[in-house]
Amino acid sequence: MALADVVSKLYSTEINMMQCITTIIAVISVSIIVALTRWTLGTLRPKNFPPGPRVTPGLGNLLQMPISKSYLTFHKWYKTYGDLVGLKVGTANMVIINSPEVVTELFDKRGASYSGRPYNYILCNHVFPSDGDKALAILPYNSYQRRLRKSLTYILSSSGISRVMPILEAEAANLSRLCLDGGDNYVRNLYYWSISGPLAITCGKRMDDLPGDYTKAFLAAQKALLDLLVPGVAPPVDVFPILKYVPEWMGASWKADARKAHAMHLTDRTMYLNYGKEQRDTLKKDPSSVGFASLLAKIMEDMETKPGAPKFSDVELAHMGANITGAAVDTTVATFKSLMVFLACYPEVMRKVQAEVDRVGNGKPPTSDKLDQLVYLQACISETLRLRPTTPSALPHTIEKDDHFRGYVFPKGTTFLINAWTMNNNEEDYDRPEEWVPERFLENSYGLRPERFAALAKAIGATDTTSGDKTTSQPVSLGSRRVLYTFGSGRRICPGVEFATTSLLLAASKLLWAYDILPPPGGVDVSIETGFEDGVVIQPKNPLIIPKLRDDMRKQGLMEDYERTQAIAHSLIP
Ligand code: HEM
């Protein structure tokens, strides 16, 4: 080949290469422009979407999204925009619901569509990566979620609560005994109490039989998980999916954190499964040796003996036990801490509660069969859940298909938040909503302004039976309106409502029978801005109240109550 031919060939190859590179660059540039344009358009407010703060193209409302005490910002937005506030979180659509009527219409009446959960990439892919390996609270609304939830009725329905009541009572009596340390280990004791009930009823193991540092291990695992949910701490991979691909060595340390959380939770739920199997084996060998079959042992028995019983894999059973405890502990402890702080802050209310528990207990700590007589204490718990709703925005729900409401359009996949904070602070509904006034729940079972309650009752044709003796107010249903929205609503409403309120009533009544609740040395701060933590649940920054024995006779009374209830619990779970 002549030199000229070689040069010309090389030259034309170079031209081809150049053309090729230019084409690739052009294709990449066009793809980036298309992707950016689509992203930017996706961050704009959809047509007929509820009003909300102005969006920034490319970011939506991300710049305005609060990362701390979000409910306070949501409340300001409610005052500007009303019952429904529409937001763009990146390209995702979010609607905040601020009124009970809208919650009823959407979550309750249209529950079949409004019961999904947003997909959380970190939890679903890294912490709980395999199928069936998912906490109930994050499962999509599907047949497995429904089967799992239904199985909980064995311990969480009204009859389930009666079944587990002796165990809950024993754990409440134990909390009173632990407080004989004068409050030195108050927070640790609260966790011990709140873990012990769910643990015993799900897998048939008492806390006393576990290694001494289990509370610590449990809390470390909870923290590892919750840290991955706190905005600002965890990276927003659901908003910017590209962040998923950032390798660990380039700063994506959340991947290591998620692995750690996965390992800790795997150890925990394996423990539940093994204890459940242990109890099932014991029951098989000698059914009379155990008085109470735990949730896991009962499901295993049903799977073995009843042909049509729902089937669960070992992974699913392990999750079931551990998840119940996980969902119960932080919420119950936070509510209890808030209740005690309010009682310490309002000694006159504490005295009224003590008068009630003394009357009901008749010389002893109140027993579980008298809980319905603790009307004033129940009012204090309801008022605490109103003023400091433990989960102020509940958990998000999503819709599977487009929907229309009041002229608005909600595109498929929109996330909805119940803004319990705003509903609980609504001035039209509540007299002096910013104050802790348990008496409002004696006026009527909803704690509403009397005239508001009467108007709502009239509107649905209900009869007010609360007039007369205010200390024995009869619950009057206001149709489908819930007393409070702190536990969410619709088909994903907290299944542990009765368990939580029963545990709180038991523990608080026994504690107040035995102790005065004194404020910590520096006093209590009940201001939401300065006195309460900024986290996944609302709880006091300084919960360290001082339980002071009312008199020495009460020590004897609480010890007798402890021994009596322990003997019963021990006969149920030896
Ligand atoms: C004061 C205590 C508690 C509060 C404030 C609370 C609050 C909530 C809220 C707001 C939800 C989401 C509801 C929704 O999506 O509409 C929820 C879900 C859940 N709660 Fe509770 N909870 C408490 C105690 C408990 C207890 C004691 C248990 C178990 C014994 C429990 C088990 C669950 C479970 C399993 C879910 C997930 C339900 C599902 O996704 O279908 N909770 N809770």
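Sequential numbering from 1 along the given sequence is applied to the chain's residues. Not measured: the values here are computed from a predicted model. Every number for a ligand or one of its atoms is a count from 1 in the order of the listing.
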Under 4.0 Å from a heavy atom of [X]: give me the atoms of ligand 1 that qualify, with their elements.
X    : value
L156 : 30 (C)
H397 : 14 (C), 15 (O), 16 (O)
A394 : 10 (C)
F499 : 27 (C), 30 (C)
T335 : 1 (C)

For the side chain to side chain contact (heavy atoms under 4.5 Å, CB included) test, which of T104, V102, D108 pairs with L106? V102
Quick test: of every protein heavy atom, which one is nearest to [atom], and how far off is it to 0.1 Å?
atom                    : result
atom 13 (C) of ligand 1 : R492 O, 3.1 Å
atom 38 (C) of ligand 1 : R149 NH1, 3.5 Å
atom 40 (O) of ligand 1 : R117 NH2, 2.9 Å

So, is S489 polar-close to ligand 1, with some N/O to N/O distance under 3.5 Å? yes
Regarding ligand 1, does Q145 bring an N or O atom to under 3.5 Å of one of the ligand's N or O atoms? yes
Tell me whether the guanidinium CZ or amine NZ of R147 lies under 6.0 angstrom from the six-membered ring centre of F312 and within 45° of its axis. yes
Locate the shortest heavy-atom distance separating L178 from Y192; write the atom from each residue and the value. CD1-CD2, 4.1 Å
Side-chain ion pair, [X] and [Y], N-O less than 4.0 Å:
X    : Y    : answer
E529 : K69  : no
K541 : D525 : no
E105 : R406 : no

Residue-ligand contact T486/ligand 1, heavy atom below 4.0 Å: yes
Using 30° and 60° as the class boundaries, would you call the ring planes of F107 and Y114 parallel, tilted or perpendicular? tilted
Using 30° and 60° as the class boundaries, would you call the ring planes of W193 and F336 parallel, tilted or perpendicular? tilted
For atom 21 (Fe) of ligand 1, which protein N/O/S atoms fall under 2.8 Å? Skip waters. C494 SG
Between R440 and E383, is a salt bridge (Lys or Arg N to Asp or Glu O under 4.0 Å) present by the stated rule, with each step listed? CA-CA 8 Å; R440 71 175 86 240; E383 178 64 346; 3.0 Å; yes
So do the side chains of N98 and L84 get within less than 4.5 Å of each other, counting heavy atoms only? no
Is the shortest heavy-atom distance from the side chain of L226 to the side chain of D330 under 4.5 Å? yes
At under 4.0 Å between heavy atoms, is it the side chain or the backbone of P198 that contacts ligand 1, or both, or neither? neither
Output all residues satisfying salt bridge (Lys or Arg N to Asp or Glu O under 4.0 Å) with K76, sequence neighbours left out; order by chain, then residue number. none
